[in-house]
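Read the structure below first, then the notes.
Everything numeric here is computed off the predicted structure, so don't read it as measured data. Residue numbers start from 1 in every chain, and the chains themselves are labelled A, B, ... in the order their sequence lines are given, proteins ahead of strands.
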Protein chains: 2
Amino acid sequence: MDEVFKALADASRRSLLDRLHAKNGQTLNELCDGLAMTRQAVTKHLGILEAANLVGTLKHGREKLHYINPVPIHQIGERWIRKFERGKLAALSELKRQLEKRDE
Amino acid sequence: MDEVFKALADASRRSLLDRLHAKNGQTLNELCDGLAMTRQAVTKHLGILEAANLVGTLKHGREKLHYINPVPIHQIGERWIRKFERGKLAALSELKRQLEKRDE
DNA sequence: ATAATAGGCAACCAGATGGTTGCATGTCAA
DNA sequence: TTGACATGCAACCATCTGGTTGCCTATTAT
């Protein structure tokens, strides 16, 4: 879980996921295209995404194809985000109550 | 958005949010309790959470009360997580297709 | 008034992170 | 088979990050 959060913390990596979301199964060079960094930097980012199980790869000849794995993202939504959404209204009204109390 | 992801990337900070989720409106010292780091370190973490608008504070005498703000978390769920959930099944079946193709 | 309590601020430090360059390897095409 | 192409690997570098220590300020309680 921690690895996934860490992986998602970087804007370049989120952008890579976006690109894969737009077109799955791209090669390394394809993913480098238009990015303001070297291929090696992209390799590192993809490595981190892979380690976090956010992308899977498939070697096809001399090319390496990258596929998004939506499961960890979904898990974060399920196990983490929703937990805080449940208390949302309660938390807001509590905050409101406290803010009003301040001016007494 | 980037600030929120960065803030959530650290396990200590997520744990602080958990604590606030369990009991909202805690003071700094309360939040320090039982954690294996100095008060100053916790202050920094809370500062980052505050900068990301994940917690709001209220001064009450010499105490500083911390309240969770669920909105940014909710936004990440809405604007980011859901996007990838939509393509989930499609992505999985695509991956499956590719994996099978490999063994041809 | 004074001591204890709650917190703020700044300097410093080691290790992680994001990036680079340079070169090696494996695969495809001519 | 030889050159071009897609990728891998390693060393290096600057900066960011998470943590520390030391000291200062403000509020409360005795």
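With respect to the salt-bridge test (charged N to carboxylate O, under 4.0 angstrom), the residues Arg82(A) and Glu78(A) qualify. The pair Arg14(A)-Asp2(B) meets the salt-bridge criterion, with a side-chain N (NZ, NE, NH1 or NH2) lying under 4.0 Å from an Asp/Glu carboxylate O. Looking at Glu30(A) and Lys23(A), a side-chain N of the basic residue comes within less than 4.0 Å of a carboxylate O on the acidic one, giving a salt bridge.
The phosphate of dG7(C) (OP1 or OP2) has a side-chain N or O of Asn29(B) nearer than 4.0 angstrom. OP1 or OP2 of dT20(C) sits under 4.0 Å from a side-chain N or O of Thr38(A). Considering only side-chain N and O atoms, Lys64(B) lies under 4.0 angstrom from the phosphate OP1 or OP2 of dG8(C). In this structure, Lys6(B) does not reach the dC16(D) phosphate: none of its side-chain N or O atoms is under 4.0 Å from OP1 or OP2. OP1 or OP2 of dA29(D) has not a single side-chain nitrogen or oxygen of Arg62(B) nearer than 4.0 Å. Of the side-chain N and O atoms in Thr27(A), none sit less than 4.0 angstrom from OP1 or OP2 of dA6(D).
In this model, a side-chain donor or acceptor of Arg39(A) finds a partner on the base of dG8(D) within 3.5 Å.
Across the protein-nucleic acid pair, Leu28(A) atom CG and dT25(C) atom P stand 19 Å apart, rounded to whole Å. Rounded to a whole Å, the CD atom of Glu63(A) is 13 Å from the P atom of dT27(C). Rounded to an integer number of Å, the gap from Asp10(A) CG to dT17(C) C1' is 9 Å. Computed from coordinates, the Lys59(B) NZ to dT28(D) P distance equals 10 Å when rounded to whole Å.
For Thr43(B), taking side-chain heavy atoms from C-beta onward, the closest of the listed nucleotides dG8(C), dG19(C), dG8(D) is dG8(C).
Nearest-nucleotide mapping onto DNA chain D: of Lys44(B) and Gln40(B), the residue sitting toward the 5' end is Lys44(B).
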inquiry  = Under the criterion salt bridge (Lys or Arg N to Asp or Glu O under 4.0 Å), I'd like the reasoning laid out for Glu50(A) against Lys44(A): C-alpha separation, chi angles, the key distance, then a yes or no.
reply    = CA-CA 10 Å; Glu50(A) 215 177 324; Lys44(A) 284 195 186 178; over 6 Å; no
